Amino acid sequence: MDDSLRSRRKNEHIQLALDTYQSAGTDFDKVQLIHQSIPSINKNQIDLSATFPHFTFKYPLYINAMTGGSERAAAINKALAQIAKACDIPMAVGSTHSALKDSNAEASFTVVRDENPDGIILSNVGADIEYAKAKRSIELLNADALQIHVNAPQELIMPEGDTQFENWLTNIQEIQAHIDIPVIIKEVGFGMSAETIQKVKNIGIQYVDVSGRGGTNFADIENQRRPLKDMAFLNQWGQSTVQSLLEAKLLNTDMHILASGGVKNPLDAIKSLVLGAEAVGLSGYVLKYLDEYGVEETIEHMKQFIEQMHVIANLLNASNVSDLRSVGYVLAPELQTYVEQRSKIINPE
Ligand SMILES: Cc1cc2nc3c(=O)[nH]c(=O)nc-3n(C[C@H](O)[C@H](O)[C@H](O)COP(=O)(O)O)c2cc1C
């Protein structure tokens, strides 16, 4: 694909993501957290930092992969990096493939490191690339971790999609074997199954970002880009973030589980942590806020978002992320049925 087409696609993704961002369907409303009336900790005793073997997130929140590779993308990446720095949260860039193919596109990514030299920055590639390119993607940003996105539905619905999938798992395995920073296998809004999580664990992966349904919808975005817009029937494809976290829970894995997809408020974020995530990623929500209100207001809003996560933790009498994992919750019948049916498959007698 030539570079102007690639850059046009980036801009279409940004605009369509803004226009089609979903307001329902996350399943967060089907999880009720149990209120406790007599907290034993004070608000200033709450520390929601998330510690991983390679780094610590001061708060269990990060800006997830979005963009790069066009002028508009460069401006957005610069703004997102300023937000990430001001809020002291990690940030992932969008797929770096455009920069790996054309050095003119590099600046739209490196602006993120320039704006935030000491921040935690995650680079991003697709599972179709080999180790040498993944290495370059990391070097480009001096990245602290590498996200490898798995986006089969997007490629299959996208008119110009790359549908060569047979090397994905071996590419992931090769990258994991050769790099010494965390490799995060990341969905793009279709959620993950227990089988997928187990599959990547089997090849040595320790981190997944389940990125589920309910916010940015790449089935809808790519369908809008099809001349006949004829694949709307896949608009609700995949698992919600809540279902994906329940899948991971049934697997009872020791992997690091990150949650993203459809998180729209601090309560959704806390529910993700209660369901086993160690940190929570926001994409479409931040993009929309930034588009509407600009950098300064988004910084203030994100600081409030983090503060309000602490408020909810206090309400739940949880002083840290690990306490949140023992908070009681009740699932709506539909979700409970989901768990029962999946449990029989994931953990047969
Ligand atoms: C404009 C836009 C571009 C995206 N591009 C990428 C990408 O290049 N790589 C990737 O891993 N995810 C990409 N995503 C997916 C997000 O990282 C995330 O998985 C998905 O949007 C679901 O989260 P959300 O509901 O909070 O937006 C993109 C999202 C948006 C909004």
Side-chain angles (χ1 to χ4, degrees), residues 6-7 9-28 61-70 72-73 75-77 79-80 90-100 105 108-109 112 122-129 134 137 143 145-155 158 162 183-192 207-222 224-225 237-242 244 258-265 268-269 272 277 279-291 302 305:
R6 192 178 291 277
S7 147
R9 182 169 80 192
K10 296 294 167 187
N11 290 340
E12 284 174 5
H13 280 164
I14 293 165
Q15 197 52 50
L16 283 166
L18 287 166
D19 296 344
T20 63
Y21 187 65
Q22 298 181 110
S23 56
T26 61
D27 285 339
F28 284 114
L61 198 70
Y62 56 97
I63 298 176
N64 217 351
M66 277 184 270
T67 201
S70 73
R72 185 173 182 193
I76 291 172
N77 269 344
L80 293 173
M91 168 182 168
V93 296
S95 169
T96 53
H97 287 201
S98 56
L100 299 176
S108 66
F109 294 95
V112 170
L122 286 55
S123 199
N124 184 294
V125 294
D128 55 319
I129 66 152
S137 169
L146 179 70
Q147 294 181 326
I148 304 182
H149 63 258
V150 286
N151 63 338
Q154 180 182 11
E155 297 293 348
M158 185 190 307
D162 174 2
V183 175
I184 303 165
I185 304 306
K186 173 183 175 299
E187 252 292 350
V188 300
F190 298 101
M192 269 188 203
Y207 294 79
V208 290
D209 180 336
V210 298
S211 206
R213 200 192 61 217
T216 302
N217 182 343
F218 269 103
D220 192 12
I221 291 173
E222 298 302 350
Q224 297 293 332
R225 298 180 62 243
W237 186 260
Q239 283 87 245
S240 65
T241 299
V242 168
S244 305
L258 307 171
S260 69
V263 174
K264 300 185 177 84
N265 60 54
D268 294 347
S272 299
V280 179
L282 303 174
S283 294
Y285 182 80
V286 182
L287 184 67
K288 267 190 96 66
Y289 208 93
L290 174 66
D291 185 63
M302 292 314 299
F305 193 112

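Quick note: numbers below take in every heavy atom, side chains included, and nothing from hydrogens, waters or symmetry partners. Order of appearance sets the numbers: ligands from 1, and atoms from 1 within every ligand. On a predicted model such as this, the values are computed, not experimentally measured, just so you know.
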Using distance alone, determine whether His13 and ligand 1 share an N or O pair under 3.5 Å.
-> no
Ligand 1 atoms in contact with Gly261 (distance to a heavy atom under 4.0 Å) | 22 (C), 23 (O), 24 (P), 25 (O)
Would you say Ile14 has any N or O atom under 3.5 Å from an N or O of ligand 1, going by distance alone?
-> no
Can you pull out the closest protein heavy atom to atom 5 (N) of ligand 1? Residue, atom name and distance to 0.1 Å, please.
-> Met66 O, 2.8 Å
Will you find, in the side chains of Gln147 and Asn64, an N or O donor that is under 3.5 Å from an N or O acceptor?
-> yes
Sub-3.5 Å N/O-N/O distance, Gly281 and ligand 1 | no
Ligand 1 contact on Ser283 by region, counting heavy-atom pairs under 4.0 Å = both
Specify side chain, backbone, both or neither for Phe218, according to which of its non-hydrogen atoms lie closer than 4.0 Å to ligand 1.
-> side chain
Val263 touching ligand 1 at heavy-atom level, < 4.0 angstrom | no
Based purely on interatomic distance, does Gly94 place a nitrogen or oxygen under 3.5 Å from a nitrogen or oxygen of ligand 1?
-> no
How far is atom 20 (C) of ligand 1 from its nearest protein heavy atom, and which residue and atom is that?
-> Val188 O, 3.6 Å
Record the part of Ser95 in heavy-atom contact with ligand 1 below 4.0 Å; permitted values are side chain, backbone, both and neither.
-> both
Heavy-atom contacts with Gly262 under 4.0 Å: which atoms of ligand 1 show up? List them by number with element.
-> 24 (P), 25 (O), 26 (O)
Is it the side chain, the backbone, both or neither of Asn124 that has a heavy atom closer than 4.0 Å to ligand 1?
-> side chain
Please say which of Arg6, Arg225, Arg72 ends up in a salt bridge (Lys or Arg N to Asp or Glu O under 4.0 Å) with Glu12.
-> Arg225
Please determine if Thr67 has a nitrogen or oxygen closer than 3.5 Å to a nitrogen or oxygen of ligand 1.
-> no
Any N or O of Ser211 closer than 3.5 Å to N or O of ligand 1 = yes
Could you tell me whether ligand 1 has any atom less than 4.0 Å away from a heavy atom of Gln147?
-> no
Under 4.0 Å from one or more heavy atoms of Gly215, ligand 1 contributes atoms 25 (O)
